[in-house]
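For the numbers below, each heavy atom of this structure counts, side chains included, while hydrogens, waters and symmetry mates do not. We name chains A, B, ... by the order of the sequence lines, and we start the count at 1 in each one.
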2 protein chains.
Amino acid sequence: MATTIKDIAKYTGLSISTISKYLNGGNVLEHNRELIEEAIQTLDFKVNEMARGLRTSRTMTVGVLIPSLENIFFTSIVSHIESILLKEGYSTIVCDFKEDPGLEEKKLQFLFDKMVDGIVLMPLPGNDNLVKKIIARKTPLVLIDRMINNVECDVVLVDNLNASYNAVEQLIIRGHRRIGIIAGPQNIYTAQERLKGYIRVLEDYGLKVDPSLIKHGDYQIESGYNLLLELMKVEQPPTAVYVTNYEMTIGSIIAINENNIRIPDDISFIGFDNQDLARIVKPALSIVVQPVQQIGETAAKILLKRLRKDQGGFPIVTRLKTELLIRDSIKNVES
Amino acid sequence: MATTIKDIAKYTGLSISTISKYLNGGNVLEHNRELIEEAIQTLDFKVNEMARGLRTSRTMTVGVLIPSLENIFFTSIVSHIESILLKEGYSTIVCDFKEDPGLEEKKLQFLFDKMVDGIVLMPLPGNDNLVKKIIARKTPLVLIDRMINNVECDVVLVDNLNASYNAVEQLIIRGHRRIGIIAGPQNIYTAQERLKGYIRVLEDYGLKVDPSLIKHGDYQIESGYNLLLELMKVEQPPTAVYVTNYEMTIGSIIAINENNIRIPDDISFIGFDNQDLARIVKPALSIVVQPVQQIGETAAKILLKRLRKDQGGFPIVTRLKTELLIRDSIKNVES
DNA sequence: CTTTTACCGCGAAACGTTTCGTTTTATTGG
DNA sequence: CCAATAAAACGAAACGTTTCGCGGTAAAAG
């Protein structure tokens, strides 16, 4: 059916191995090079990746495993990863595991069965042995957004600690003293970091850390909704709140709207992740924005490096900076 | 390295071809079946898809081509497609073309080079020949969300006409007589349908269709923003507006907020696509919700059918119903 | 002009399957 | 118990590449 290397050989009068050599960047006489290129052009030859893969045991395929495809933070990272990988001829198989640890393992197995050359993973907490499994197989791996303790691995993450620090600092500067935080699950690395930043800046400014103002959610909309209302019911409620991911930010906003709480008069607000969200809500929300493009591109580039068998600098831990968008959701408090 | 069919043959004392026969569902002596299964278990055998693919020229891979990975409407459809395909052993290669016709063609070529067994495509308008190209190659294809004229092809779409009809009808029932629409690009099938529904319901109720109340946008946030403001500046402004996709709904809301327009007092509002959006905005927005899960699953199932070489019912045109969520963004007008 | 050194091209084996035609084994009927 | 038939197992070729070692030719060195 399709034209093969054999057809090129016939067309040019050269041997199969010479064509193969050319295809893999080997040296070929100038004259023959032109001949081969012409043949490839006119016969519309494309290497059969399956045959090549069978010989070399490389699939030119990488797997990207994320918790959910319905989360724009994840998918836009994927989008940038895909762009970079495609340029090098790799195809990207995206799997999501719907935040389910069982599925995570299953999908990973699927990727193994498909013999992907490399993996980009945003791991669920507690599934550390999955990561170890990948490493044991020597499949190149780049972790995203979340780090695993006691495991050496390339990882791209965001400086969550200082992201929180800077956000909360803005609240302090504007006179807030009782600042609530809707934090993430205690077993998620990212969430721990974001909480640490909150605590550190309070301490740096000599403010008391009040445990009743720290609420742990599960990164879902519902818990944002519930926890915001809980915060407002504390005996001495906060004058500002900092919410640490996108979904919980949405949930909080819904709670605020449904209960006729006014921003920033009743409470000042800083949310997370999504720029559009910042503008759509009234008044415009202040937001911590993550550098999704950089995250994706960096992860892809490191993976490509490893796929080239370049182990330089291992493990590479990249820590990217967030951006803080200050809008109208913060009130100045007289102190 | 990995265990092959040869190892299984050695372990069981059977021949390679018998093992292969078993793997492909052929008949094997009960005794041997058990033996083989045990061997596969203990040696942890997995068929090498590359070798198999080389022989059969099937890759067990399907390509999904969508305009953007940063659009939750698209990605959640992808998510459901992926789930279904995975169960049958297919992996899904997702490509987005960032709404760029040039890229669309390039990515499609990429998928061809990767020899995907099938394709799910959400085509850009005007690129009809791309679709024809796929069909000419006899690669199974399912179109999503947008139809192409004069081409026979399986397609899953939403009953956009009646979606609009029902939405606008609710506005009419509540007494609105001047209803604006922010429609999509005139060359997009989906957009045409949505506009048709708007026009038809007005005519059915004997209302005049006023061209000054029909604005065509490009499905991006910015144009939602601009067109909403244009609508409000019409000499006799509408009392209600219907916005026909997610991004433009966001844009409109931003415009409304920034200009202190009140919903529903100044204007009644029906938006599109995203449930969370409906709740996050205050007052809660009325929304036309698309059945993303059904779209994805239906598309995947049809594709699987075609991959099984079952041409039954070709071309299958599936038209799914939307849901109309009425919330607080519509005011009753005394007439 | 001869010897050495590069360089380029070639043939053949191998990667792990499927498939097809043939041989062996098991089953049935006479 | 043997022949005929059905069922199962087998062997070998093929899919389209890469790779490795060898042979030949041209350029560089003596």
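- For B/Gln41, the CD atom is loosely surrounded, since the number of other residues' heavy atoms within 6.0 Å does not exceed 12.
- Atom C1' of nucleotide D/dA26 and atom CD of A/Glu30 are separated by 17 Å, given to the nearest angstrom.
- When only modelled atom types and interatomic distance are considered, A/Ser15 and A/Thr18 share a side-chain donor-acceptor pair under 3.5 Å.
- Cation-pi check for B/Arg137 over B/Phe112 is met; the charged atom lies under 6.0 angstrom from the ring centroid and within 45 degrees of its normal.
- Under the 4.0 Å criterion applied to side-chain N and carboxylate O atoms, B/Asp117 and B/Arg58 are not assigned as salt-bridge partners.
- The existence of a salt bridge linking A/Lys107 and B/Glu82 is confirmed by a sub-4.0 Å separation between a basic side-chain nitrogen and an acidic carboxylate oxygen.
- Counting only Watson-Crick and G-U wobble pairs whose two distances sit under 3.5 Å, DNA chain D takes part in these stems of three or more pairs: C:1-30 with D:1-30.
- A 4.5 Å side-chain heavy-atom check between B/Val47 and B/Ile5 finds every atom pair outside the cut-off.
- Ion pairing between A/Lys98 and A/Glu70 fails under the 4.0 Å rule for side-chain N and carboxylate O.
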(request) Scan nucleotides 9-16 of chain C nucleotide by nucleotide, 5' to 3', and note B when protein non-hydrogen atoms come under 4.0 Å of the base, S if they reach only the sugar-phosphate, - if neither. (result) BBB-BBBB

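- Smallest separation of non-hydrogen atoms from A/Ser20 and A/Asn24: O-ND2, 2.7 Å.
- Look at OH on A/Tyr22: it is 19 Å from C1' on C/dC7, rounded to the nearest Å.
- Protein atom CG of A/Leu23 is 9 Å distant from nucleotide atom C1' of D/dT17, rounded to whole Å.
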